[in-house]
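Computed over heavy atoms, backbone and side chain alike; hydrogens, waters and symmetry mates excluded. Since the model is a prediction, treat every value here as computed from it, not as a measurement.
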Amino acid sequence: MSNVNGSSPQKIFSGSTDAAFNLSSSFGICLVAGGLVWAVDAWLRLPLHLPGWRGLIVMAILVAARGVTGLPWAATAAACSAAVVGFAAGNIGPHSVLIYLLPGLILDSFGMLGPAWRSSLLRIGFSAGVANAFKFIAVLAFGAGFRGVGSLLPLSSHFLFGLVGGSLAAVLLMRARRK
């Protein structure tokens with residue numbers, strides 16, 4: 001099955017020569033995505049009392065950056081730009097840079113496992129869920145966290161919000177490429 005321009009759904013997240021943009025445009029998209037990730041983390045404060053809910057938005061942005069650009073390192077570049085903006089703005093410290101970088105590195109690592117990991121909605125969602133869960137683990141490793149409720153509920157909610165965000169972004173990109 002192919003779409004209008006002849007590429008199959010398996011090539012949507014391929015990260016090879018099927019990139020929709022040139023390198024400088026793709027890098028610009030990653031910078032904008034990183035700015036959005038930082039803005040969501042820094043400014044979006046809603047009293048939902050659900051740990052990890054911003055991961056729904058952040059993972060959707062990172063998956064979208066990787067899917068739109070088609071580059072294998074796009075999620076890492078977006079996460080890196082979010083970390084640089086956050087550090088330059090003064091609202092994250094040096095240890096928080098890792099907390100920003102980890103989800104992008106994990107998403108890109110799963111994407112390097114092969115075409116099946118880049119084309120399956122379930123696998124893309126799973127990798128986004130794992131990336132968001134590891135963000136929580138990194139927060140715990142640096143001494144912050146949700147000690148009042150334990151760590152199983154926040155870990156599972158981080159995973160679920162990441163899974164949903166990554167899956168939603170993948171669905172939207174696949175639908176957009178079919179038309």
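- Cluster annotation: Leu172 is not connected to Leu107 through the hydrophobic network of ILVMFWY side chains, with a link wherever side-chain heavy atoms come within less than 4.5 Å.
- There is a path of hydrophobic side-chain contacts, each under 4.5 Å, that joins Phe87 to Trp43.
- Hydrophobic clustering of Ile, Leu, Val, Met, Phe, Trp and Tyr side chains at less than 4.5 Å, counting indirect connections, unites Leu102 with Leu140.
- In this structure, the separation between CD1 on Ile106 and OG1 on Thr76 is 10.0 Å, given to the nearest 0.5 Å.
- Atoms OG and CG, on Ser96 and Leu101 in that order, are 11.0 Å from each other to the nearest 0.5 Å.
- Rounding to the nearest 0.5 Å gives a distance of 8.5 Å between CZ of Arg66 and OG of Ser127.
- The CG atom of Leu173 sits 10.0 Å away from the CG atom of Leu121 when rounded to the nearest 0.5 Å.
- Considering every non-hydrogen atom in both Gly166 and Ala128, the closest pair reads CA-CB, 3.7 Å.
- Of the possible polar contacts, one joining the Asn132 side chain to the His158 backbone as a donor-acceptor pair under 3.5 Å is found.
- Put simply, the side chain of Ser157 never gets that close to the backbone of Gly52: no donor and acceptor are under 3.5 Å apart.
- The shortest heavy-atom contact between Ala74 and Thr69 is CB-OG1, 3.2 Å.
- Other residues, nucleotides and ligands place more than 12 heavy atoms under 6.0 Å from the CZ atom of Phe110.
- In this structure, Trp38 and Asn91 have side chains that are in contact, with non-hydrogen atoms separated by less than 4.5 Å.
- In this structure the side chain of Pro51 never reaches within 4.5 angstrom of the side chain of Phe136, judged on heavy atoms.
- If you take CG on Leu71 and CG on Leu23, they are separated by 6.5 Å, rounding to the nearest 0.5 Å.
- With sequence neighbours left out, the side-chain hydrogen bond (donor to acceptor under 3.5 Å, both in side chains) criterion links Ser156 to no other residue.
- Applying the salt bridge (Lys or Arg N to Asp or Glu O under 4.0 Å) test to Arg123 and every residue at least two apart in sequence or in another chain returns nothing.
- Side-chain contact between Trp53 and Ile57 is present, with at least one heavy-atom pair separated by less than 4.5 Å.
- Shortest non-hydrogen contact noted between Met59 and Ala131 is SD-CB, 4.0 Å.
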**Study point:** Worked verdict on Phe126 versus Phe159 for side chain to side chain contact (heavy atoms under 4.5 Å, CB included)
**Key:** CA-CA 8 Å; Phe126 177 79; Phe159 176 78; 3.8 Å; yes

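- Note: Leu105 CG to Leu98 CG = 8.5 Å, rounded to the nearest 0.5 Å.
- Placement of Val84 and Val32 in two distinct hydrophobic clusters is found when ILVMFWY residues are connected by side-chain heavy-atom separations under 4.5 Å, directly or transitively.
- Across every non-hydrogen atom of Ala83 and Ile92, the tightest pair is O-CD1, 3.5 Å.
- Ile124 has its side chain out of reach of Ser167: every pair of non-hydrogen atoms, C-beta onward, lies at least 4.5 Å apart.
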Exercise for review: Report the C-alpha distance between Val40 and Arg54 in whole Å, list the side-chain angles of each, state the deciding distance to 0.1 Å, and finish with yes or no for side chain to side chain contact (heavy atoms under 4.5 Å, CB included).
Suggested key: CA-CA 7 Å; Val40 165; Arg54 282 190 302 269; 4.1 Å; yes

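- The backbone N or O of Cys30 lies less than 3.5 Å from a partner atom in the side chain of Ser81, making a donor-acceptor pair.
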Review point. Please walk me through it: do Phe161 and Val58 pass side chain to side chain contact (heavy atoms under 4.5 Å, CB included)?
Key: CA-CA 10 Å; Phe161 282 122; Val58 169; over 6 Å; no

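- Of all heavy-atom pairs spanning Ala169 and Val63, the tightest one is CB-CG1, 3.9 Å.
- In this pair, Trp73 and Phe27 present their aromatic rings tilted. The plane angle is within the 30 to 60° band.
- Of all heavy-atom pairs between Tyr100 and Ala82, the closest is CD2-CB, 3.7 Å.
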